[in-house]
Amino acid sequence: MTSFAPETTRFAPSPTGRLHIGHAYAALFAAQQSRKGKFLLRMEDLDRGRCRPEFEIHIEEDLAWLGLDWVKPVRRQSEHQDDYDSALSRLREQGVLYPCFCTRKDIAAEIAAAGEAPQGPEGPLYPGICRRLPPDQAQARMAAGVPYALRIDIGKAAARAGALSFQDLGHGIIAANPGVLGDAVLSRKDAGASYHLAVVVDDALQNITLVTRGEDLLPSTHLHRLLQALLKLPVPRWHHHRLITDDKGVRLAKRHDAVSLQQLRRQGVTPTQIRRRLGFTWD
Ligand code: GLU
């Protein structure tokens, strides 16, 4: 049974381009699911190479035009590295992280040499090269200033946490399979945290009770549930929603300029028409 109590939800775009109709769906869905509770906006701007301040401004303009309002101030991930560092050190203390010096090329070469690799939702999983590196060699590379990411030793971490599950309002109770993404990166070479780490830390710090997002991110939730267990964070509920596709059934991406909200607005489309087209009937 779905409860109708107020929830705290959020829309968490990366300011790397203009919002399109798929984002409008995600934002309206999150706002609707807050059920007159709190609706938050969070800028996932850790990828400093791709994020731009002007896109943040456009995002806020587009959301306001859609008729949405959110609790201020907006949290920007780039301003909270301390929070991510403290989560990383808690994980390090548990011995579930290791430095990874691999380049994409190293990983591809290892997979080609092995002739096979366990598959994840988006291709082959990391083959564990640096997990097998003797600690003194890892130390020496770090001391020499070789750039590194931090990966989770998923086998060790999952064994430590034991069996876990999570609740999705669309799919019911799901048994967590934290290994689905393999030894995922939690701190990137070019950013002090990865999406997976930052989203888990932020959702807890912002007291999010219901995480709504596209069903393409369902595999990530298995890992997020494990991180919550290791970091002893409160566990929200999730609602993974459908993805909006174009006429040919292809998922929308920011590069589809034709469907940006800005363009639709210029063509004279109204927010009410967008809501109706996406199936939202509330005002
Ligand atoms: N920044 C993520 C995205 O744009 C949000 C994912 C989430 O809501 O957890 O896909």
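What you are looking at is a predicted structure, and each value in this text was computed from that prediction instead of being measured. Atoms within each ligand, like the ligands themselves, are counted from 1 in listed order.
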Heavy-atom gap Tyr195 to ligand 1 smaller than 4.0 Å: yes
Close approach, Arg10 and ligand 1, non-hydrogen under 4.0 angstrom: yes
Test: Arg141 cationic atom under 6.0 Å from Phe101 six-membered ring centre, within 45° of axis: yes
Ligand 1 contact on Val211 by region, counting heavy-atom pairs under 4.0 Å: neither
Any donor-acceptor N or O pair under 3.5 Å, side chains Arg75, Gln206: no
Donor-acceptor pairs under 3.5 angstrom involving side-chain atoms of residues 190-197: please list them, not counting sequence neighbours.
| from | atom 1 | to | atom 2 | distance (Å) |
| --- | --- | --- | --- | --- |
| Asp190 | OD1 | Arg188 | NE | 2.9 |
| Asp190 | OD1 | Arg188 | NH2 | 3.2 |
| Asp190 | OD2 | Arg188 | NH2 | 2.9 |
| Ser194 | OG | Val185 | O | 2.7 |
| Ser194 | OG | Leu186 | O | 3.4 |
| Ser194 | OG | His196 | N | 3.4 |
| Tyr195 | OH | Arg213 | NH1 | 3.2 |
| His196 | ND1 | His224 | NE2 | 3.0 |

Subset of ligand 1 atoms that lie under 4.0 Å from at least one heavy atom of Glu44: 1 (N), 2 (C), 5 (C)
Cation-pi geometry met for Arg242 and Phe29 (6.0 Å, 45°): no
N or O pair under 3.5 Å between Thr212 and ligand 1: no
Val199 N/O under 3.5 Å from ligand 1 N/O: no
Check against side chain to side chain donor-acceptor pair (under 3.5 Å), Ser78 and Asp45: CA-CA 6 Å; Ser78 59; Asp45 62 347; 2.7 Å; yes
